[in-house]
Amino acid sequence: MGKGFFISKAVGIAAIIVGAGALATIIALSVVYSQEKAKNNDNVLPTDGGTTSKPPVTTTAPSNEPWDKYRLPKSLVPDHYNVTLWPRLKQNLTTGLFIFTGQSTVEFVCAEETDLILIHSNKLNYTKRENNHLASLTSLGGVKAPSIKSSWLQQVTQYLVLQLDGKLMKDHRYHLHTDFTGELADDLGGFYRSEYMEDGVKKVVATTQMQPTDARKAFPCFDEPAMKAIFHITLIHDLGTVALSNGEEKESSNVNIEGHDVQKTVFQPTEKMSTYLLAFIVSDFSFINNTIDGVLIRIFARTPAIAAGQGDYALNKTGPILKFFEKYYNSSYPLPKSDQIALPDFNAGAMENWGLITYRETALLYDETFSSNSNKQRIATIIAHELAHMWFGNLVTLRWWNDLWLNEGFASYVEYLGAHEAEPEWNVKDLIVLSDVHRVFAVDALASSHPLSSKEEDIQKPAQISELFDAISYSKGASVLRMLSDFLTEKVFTMGLRTYLAEFAFGNAGYTDLWSHLQMAVDATGTDIPETVSNIMNTWVLQMGFPVVTVNTSTGIISQKHFLLDPDSEVTTPSIYNYEWIVPIKWMKTETIQHPKWLKNESVTIDEMKVSGSDWVLANINVVGYYRVNYDQGNWERLLGVLSTNHVAIPVINRAQLVDDAFNLARAKIISTVLALRTTKYLNKEREYMPWESAVGNLDFFYLMFDRSEVYGPMQDYLRNQVTPLFTHYKSLTDNWKNVPVGHMDQIHPNLRSTVYCNAIAAGGAKEWEFAWSQFKNASIAIEADKLRYALACTKQPWLLNRYLEYTLDPNMIRKQDATSTIVYIANNVIGQSLAWDFVRARWSYIFTQYGGGSFSFSNLVNGVTERFSTEYELQQLKQFKEDNAEVGFGSGTLAVDQSIERTIANIKWIAENKQNVLDWFKAEEKP
Ligand SMILES: *[C@@H]1O[C@H](CO)[C@@H](O)[C@H](O)[C@H]1NC(C)=O
Ligand SMILES: *[C@@H]1O[C@H](CO)[C@@H](O)[C@H](O)[C@H]1NC(C)=O
Ligand SMILES: *[C@@H]1O[C@H](CO)[C@@H](O)[C@H](O)[C@H]1NC(C)=O
Ligand SMILES: *[C@@H]1O[C@H](CO)[C@@H](O)[C@H](O)[C@H]1NC(C)=O
Ligand SMILES: *[C@@H]1O[C@H](CO)[C@@H](O)[C@H](O)[C@H]1NC(C)=O
Ligand SMILES: *[C@@H]1O[C@H](CO)[C@@H](O)[C@H](O)[C@H]1NC(C)=O
Ligand SMILES: [Zn+2]
């Protein structure tokens, strides 16, 4: 899947920190680049009451029957499915439901003799067949199939269970037939419905989101990624609507079924593929198209959006990105077509269904007038991410979900390469440092982090699988693969990658298979690395966290230590590597890049790193390594000196690194807070985006801790002084804001929209708010609607904020997909903070029961509303909240509640230790 909830946090923060005037520049920078990959999919599967379930044994003892296990037995292997589905886009007024009906026949091979058939099925009602059973079985090749003895639905493990009165025979083929009905709910999972208004008319789209375990909600299937099969799909749909699936349309005809005149569209059979990559969509969308080297490329969206040209950018970029990946993988695109479709309701950012990629509207549609450059960059990046999966993930699929990090980490790394191809002028490749490396450092520095790789046996239940879609899998995965590609060189990395894809095409593999292929490439080219690929990478993949590497330039001793944000936290998980890593060290001495070194043990002496006089050492050039760096005080002083006299001697990515490392080392009490603050002093000379963004991100914490205290005034004065030269620079560059600069890194005008809206709403009253609300409700451009939705949270009127909070729980007002981020926007507003917290506390049980089933990201919600907490009183409230709702529960937010308590305790300590220092420092800096 692609990225998740888009919360452009930096925008709100910068707006408040810097104050009027000079804020425009930095805000523009933030608007342009802020890109957040938040947790993707926070689904917790509901235990439904929709199907009839009669387990044959009623015993309270834990039973160990095959149908009580979450994993399928290995006895049956699917070959192909013939599935017909008929979604009804009109509500049945008697039952109040939207439904779909379907028939499926699966042909499977018996691999081990058995008298039991288990096939996944969730929330489907079956029409009884022969002898009142839920399915019927026939055999191929003249033998008679055993008859069904009993059949039932096993709700917890989500199976249709068939017990037979005889054995299925090894190597024989069978057909299993079913007729079923499911609800086309608005729950964003499986086969679901999305609604929108067009010309005052409500329209309904039937669409799917199968990953990870919801194909079983659309039809009975062997719903595990290694159970690849070929799918023959037929969709029945209303006349005049368009039906889409993974394969090309083969034929479409008008038919009469049960007295209804409908259209029947048959699709070409798919390639051999996993169930989680299937997609079925019925809509009355329009499309634009293109053909590149025989591959049909289409962009689908609501008709007015296509007519307004909002699909053009995506269509322009898809061909080049697809061509780039064909070259990169040395493998031609395996399908005859590539469809991409923008949906009004969609939970993740995008989903890489093979041949039919689904997106949130804001992740695919671009509008010249309304979209900012950051919107455009996000679109290019997400398209690249999803297209990268067409090979890595779809053609070759991980055997089981425990390796999800490799699939998502890989796509999250190469998305930058693909986006760079689409927009070579933008330097997007550098941004991985801010958007992935630095971002995930924050999570991975906690004692409660987890390793990239999970054990297969620990990932069984759907909720456990869903939990893997987190920042560690996406961003840490991307970071360590970038490091690997860098120390092997891109040539060796792609060589191994290509043979890996060629060997496992249309099949499944594990991450160790990729290591083997990379090792073959290393051996073939004689690449010099200190250990095998597997030995090096295991230290990064099998243990959580990362090291802080300390370079002592007076002794030449280089050492490493597990970096923990809270030095008092206790690591309870043991590691076979003892929290030591095999660390590649790229470095420079004064202004010259040196030969890279390796740190394999706790410490090593590298004589060349011993320097004297005015020489300085800088390690982790361009932050290609997944670690932080600390120095002896002397070298820190020399680096600060270089920053203040000649900052361009240090590469721009490393200027961002020095700020980020210093602030985090200070949080961990490795260096002083004052030393960290001193890294921001040179910023009055800085004109580049990345160091500024890094500073704004880190000062965010100061802002959250101090915006309700006397530190705020002096801090604001200091920052205004720092940012003024940057503001003046852009003012002259744009000829007093009249011209838009050409460089992507220099963009200012494209979206001041968010800022302008936010300030207007903040300054205005109810009338302005109502006006913006009506603009939001009528916006036909999703990106514009998102900006308004964000700005509506900027009002200073408590009653408006309270009413807005109420709207988040009404899907007619705020789409379910947007509820969490809206509440978090309100909590980001210093006035909204306590209102949002009161709201969440008061409504917890309602929110949890109403939204618990799918679209709500409880961890984002809990973390978002408690981010500022830093007082004893707030800590007590939080503990009370945990106690009061113990019975209701916190679902996917459970860990977040504990983390919030931990964070609040740490914040209280931090303020006690730092407030006076920080206040004194800002006050001293204010004086000329
Ligand atoms: C609505 O559902 C009821 C109960 O399942 C069914 O009898 C009826 O035919 C349905 N109506 C329509 C218009 O499909
Ligand atoms: C599925 O449909 C294909 C094409 O019509 C047909 O050849 C095949 O026998 C069918 N398989 C099953 C299991 O019905
Ligand atoms: C499935 O059956 C249950 C129990 O009879 C019923 O409540 C539910 O509405 C049915 N679902 C559909 C989609 O017909
Ligand atoms: C685009 O689609 C139209 C209508 O299906 C078709 O006539 C045309 O040839 C297609 N163009 C390209 C470039 O594929
Ligand atoms: C798409 O490409 C065409 C032709 O190169 C160009 O005229 C148009 O401006 C591009 N549209 C967008 C939105 O990039
Ligand atoms: C690309 O793949 C072809 C086979 O499809 C193979 O012959 C060729 O050696 C590969 N090239 C590279 C650079 O891997
Ligand atoms: Zn992905």
Between the main-chain N or O of N812 and the side-chain N or O of D810, is there a donor-acceptor pair closer than 3.5 Å? yes

Quick one: does E195's side chain get under 4.5 Å of P344's, heavy atoms only? no

Do the side chains of Y159 and P220 get nearer than 4.5 Å, heavy atoms only? no

Show the nearest heavy-atom pair for residues S283 and V205, with the distance to one decimal. CB-CG1, 3.9 Å

Of all heavy-atom pairs linking P811 and L809, the shortest is CD-O, 3.6 Å

Pair F300 + F285: ring centers closer than 6.0 Å: no

For residues 81-88, which side-chain N or O atoms pair as donor and acceptor with protein atoms under 3.5 Å away, sequence neighbours left out?
from: Y81; atom 1: OH; to: F222; atom 2: N; distance (Å): 2.9
from: R88; atom 1: NE; to: W86; atom 2: O; distance (Å): 3.3
from: R88; atom 1: NH2; to: T101; atom 2: OG1; distance (Å): 2.5

Rounded to the nearest 0.5 Å, what's the gap from CH2 on W354 to CG on L395? Could you check? 5.0 Å

What distance separates K228 NZ from L277 CG, expressed to the nearest 0.5 Å? 8.0 Å

Rounding to 0.5 Å, atoms CD1 (I119) and CG (L76) come to a distance of 8.5 Å

Test side-chain contact (heavy atoms from CB on, under 4.5 Å), reference T808, set T820, T822, I847, output is T822

Parallel, tilted or perpendicular, judged at 30° and 60°: which one describes the rings of F469 and Y474? tilted

Using modelled atom types and a 3.5 Å cut-off, is there a donor and acceptor pairing between side-chain atoms of T95 and backbone atoms of L97? yes

Quick check: closest heavy atoms across G393 and Y276, and the distance to 0.1 Å? O-OH, 3.5 Å

Heavy-atom distance under 4.5 Å between the side chains of H172 and F108, does that happen here? no

Distance-only, no hydrogens or angles: does the S286 side chain make a donor-acceptor pair with backbone N or O of I306 under 3.5 Å? no

Q464 (side chain) donor-acceptor with K461 (main chain) under 3.5 angstrom: yes

Less than 3.5 Å apart, any donor N or O on the side chain of S194 or D345 sitting next to an acceptor on the other? yes

Donor-acceptor under 3.5 Å (Y126 side chain, H133 main chain): no

Is E248 salt-bridged to K250, going by a charged N under 4.0 Å from an acidic O? no

Got a donor-acceptor contact below 3.5 angstrom from the D786 side chain to the R789 backbone? no

Could you tell me the separation between the CD1 atom of I297 and the CG atom of L387, rounded to the nearest 0.5 Å? 8.5 Å

Distance col, row I299:CD1 vs Q310:CD, nearest 0.5 angstrom, shows 12.5 Å

Is it true that E456 and R71 make a salt bridge, defined as a side-chain N closer than 4.0 Å to a carboxylate O? yes

Is any NZ, NE, NH1 or NH2 atom of the basic residue among D165 and K149 found under 4.0 Å from an Asp or Glu carboxylate oxygen of the other? no

So how far is it from L356 CG to T270 OG1, rounded to the nearest 0.5 Å? 12.5 Å

Do you know which two heavy atoms are closest between K167 and P146, and how far apart they sit? O-CG, 3.7 Å

In terms of side-chain heavy atoms, does H232 have a donor or acceptor partner in Q268 at a distance below 3.5 Å? no

Between N353 and T358, do the side chains contain an N or O donor and an N or O acceptor separated by less than 3.5 Å? yes

Would you say N131 and S147 make side-chain contact, with heavy atoms under 4.5 Å? no

Contact summary for N402 and S454, nearest pair of heavy atoms: ND2-O, 3.1 Å

Is a side-chain donor or acceptor of K74 paired with a backbone partner of E112 at a separation under 3.5 angstrom? no

In terms of side-chain heavy atoms, does T303 have a donor or acceptor partner in E198 at a distance below 3.5 Å? no

Do W400 side-chain atoms and I459 backbone N/O form a donor-acceptor pair below 3.5 Å? yes

Mark yes or no for whether S245, through its side chain, and G247, through its backbone, hold a donor-acceptor pair below 3.5 Å. no

With distance as the sole criterion, is a donor-acceptor pair present between the side chains of E107 and H175 under 3.5 Å? yes

Determine, using ring centers only, whether H80 and F231 are less than 6.0 Å apart. no

Indicate yes or no for a side-chain donor-acceptor contact from S136 to the backbone of E130 under 3.5 Å, with no hydrogens or angles considered. no

May I have the step-by-step check of salt bridge (Lys or Arg N to Asp or Glu O under 4.0 Å) for E249 and R298, ending in yes or no? CA-CA 13 Å; E249 300 87 328; R298 294 186 295 191; 3.4 Å; yes

Establish, from distance only, whether the side-chain atoms of E224 and H120 form a donor-acceptor pair under 3.5 Å. no

If you measure from the Lys or Arg side-chain nitrogens to the Asp or Glu carboxylate oxygens, is any gap between K337 and D339 under 4.0 Å? yes

Just so I know, are the side chains of T157 and K69 near enough to count as touching, which here means a heavy-atom distance under 4.5 Å? no

Test ring pair (Phe, Tyr, Trp, His ring centres under 6.0 Å) applied to H177 - qualifying residues, sequence neighbours left out: none

Please say whether the positively charged group of R360, taken as NZ for Lys or CZ for Arg, lies over the ring of F346, i.e. under 6.0 angstrom from the six-membered ring centre and within 45 degrees of the axis. no

Should L160 and L134 count as side-chain neighbours, where that means a heavy-atom distance under 4.5 Å? yes

D284 vs D238 side-chain heavy atoms within contact, under 4.5 Å: no

Which pair of non-hydrogen atoms, one from A218 and one from F280, has the smallest distance, and what is that distance? CB-CE1, 4.3 Å

Does this structure show an ion pair linking K217 with E183, if we count only N-O contacts that are shorter than 4.0 Å? no

Using only heavy-atom distances, determine whether the side chains of Y359 and Q340 contain a donor-acceptor pair under 3.5 Å. yes

